[in-house]
Amino acid sequence: MHPRIVKLLLAFAFCTGSLFPAFAQTGSTADQIAKLQAQVASAQSSADNAWMLVSSALVLMMTGPGLALFYGGLVRKKNVLATMMQSFAMMAIITVLWALVSYSLAFDSGTSFIGGLHHLFLHGVGLTPDSDYSTTLPLQTFMVYQLMFAIITPALITGAFAERMKFSAMALFLILWSICVYSPMAHMVWGKGGLLNASLGGRFPTLDFAGGTVVHVTSGVSALICALYLGKRVGYPKEAMPPHSVVLSVIGACLLWVGWFGFNAGSALSSGTLATSAFVNTHFGAAGAALSWMLAEWIRNGKPSALGGISGAVAGLVAITPAAGFVQPMSAIIIGLLAGVFCYFMVIKVKNWFGYDDSLDAFGVHGAGGTLGAILTGLFASSSINPIFKDANGNPLPSGAVDGNWHQVLNQFVGIALAWIISIVGTLVLLKLVDLTVGLRVPRDHEVEGLDLTQHGEEGYDFAS
Amino acid sequence: MQKIEAVIQPSKLDAVKDALLEVGIEGMTILEARGHGRQKGHTEFYRGREYTVDLLPKIKLEMVVPDELVEKAVQAILSSARSGKIGDGKIFISKIDEAIRIRNDERGPSAL
């Protein structure tokens, strides 16, 4: 309700009360106003909550079936279930882990680098809002929404070690990774008291709307370390290893695209205009990158491919993720166009120069696209879309370089550098640990036979029966 | 009795089948096959990696026919399966000693 009308009503109520004390209505009028205000707040809370619950479901859909199909189609037939299973297993494993410990490590107020332990076993995570994160959402909605991010991030890494890692080693490594890399990074960027938190006054405010550094840089860079540490697949690169079904991958990528609306527009943590900005930018970024990857391929190979188109779309979605709630739609198209060409170059050229076997290009798309997107966010962030920095009187300050705030680009580099360092160090240490205890790779003959049979005792396709 | 084996382009299957029915061939077995003769394969690109596919999808037809129908059947296949381009396929003909109908132990050309 408009504050002036409220004041007027209050004044009226006061006058009637004092003029006609015998018929004093003060109590009931004030009650009615309070009741109305409560109803308005409840309506807003319901609207926000509805969108955030839908967004949570959309983000879960990105992991299963989205990522499972996208990655599953790219591997050879003998590994399709094992690859899908790695994504699916995260939906179960990380969920339990989140409730036990990692939500607290990410979002409890703790040090600048990691959250505290007050929310272990979801203690104190109830249905009333935590005003530091949102004034309208039940804290459990916020918690479950953030959980979906924690699920997809380690699942993204699985693309780097596809077709050769033991299921047990994968599970153990990603549990430890979620605790030691994801939770601290999420805390630094989004948690209370985090070093990089732009909306809660962090020391080096990094603009990361929906997880360019937290999700994509960490998973992509860790993927590169995994590919280097585990070594190449048997037969790579001499043996042909074409995707066994680009059809599955196209379906998966399109589900990722749709799910990404929950990922980015949901990161507004409300159903207002900021969600609209993020939604529009997400779509434009994806389209721009799909187009530029296809064009690059068309020029170089003479044909635009379906796999190229969907790889570009994912690259664009990755790059627009940190920028989604900060930039103008035309900036989103530019970010998309740049990301498509840049990731194409990383996947087609740079991977071959260095010779690492990043099986499904988790680094080339997520690491490279996430890093580029985080830098471009510093360039294109506009306070007209999201006035995140304010002076003491609450007036908006410039956001990114387009507003004249070139310093923000430096802040972005601090965030990116921290994400790279924590990912490299964390992944190396954890891989070594898992290597020494359970061992990382399946035996050579198991790898040749396929992980579906040797790790899970089943086959993806049995057309004879 | 003679056996005719024909390897043809998959896209020609319906035309060949119709042409054979027209000259009175009543039974045949069809196999989905992969292979190549002098025809070279093609190149596929996946994220910049190049793969040469030299075994191409083909259809293989097999039928055993009485001697007097062999030439008619061959002409029917030739006219319906030919596009004039490399990769149209081949026909092989061989003698068959015996044919037996499983249902009633009938033997010889009447079992066809």
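In what follows, chains are A, B, ... by sequence order, proteins preceding strands, each numbered from 1.
- Partners of A:Arg233 under the side-chain hydrogen bond (donor to acceptor under 3.5 Å, both in side chains) rule, at least two apart in sequence or in another chain, are A:Glu163, A:Asp357.
- Scanning residues 43-51 of chain B against chain A with a 4.5 Å heavy-atom cutoff picks out B:Phe45, B:Tyr46, B:Arg47, B:Gly48, B:Arg49, B:Tyr51, ordered by number.
- Counting non-hydrogen atoms of neighbouring residues, nucleotides and ligands closer than 6.0 angstrom, the CG atom of B:Leu55 exceeds 12 such neighbours.
- Around atom CD of B:Glu98, more than 12 heavy atoms belonging to other residues, nucleotides or ligands sit under 6.0 Å away.
- Comparing A:Gly308, A:Ser311, A:Pro242, A:Ala240 by how many heavy-atom pairs each has under 4.5 Å with chain B, the most go to A:Pro242.
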Distance-only donor-acceptor pairs under 3.5 Å for side chains of residues 70-77 of chain B, two or more places apart:
| residue | atom | partner | partner atom | Å |
| --- | --- | --- | --- | --- |
| B:Glu71 | OE2 | B:Gln75 | NE2 | 3.1 |

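- Annotation: maximal heavy-atom pairing with chain B below 4.5 Å, among A:Asn301, A:Asn352, A:Val246, A:Leu74, occurs at A:Asn301.
- Taking a 6.0 Å sphere around OH of A:Tyr229, one finds it holds more than 12 heavy atoms contributed by other residues, nucleotides or ligands.
- Around CZ of B:Arg101, the count of heavy atoms belonging to other residues, nucleotides or ligands within 6.0 Å exceeds 12.
- Not counting sequence neighbours, the partners of A:Glu447 by the salt bridge (Lys or Arg N to Asp or Glu O under 4.0 Å) test are A:Arg441.
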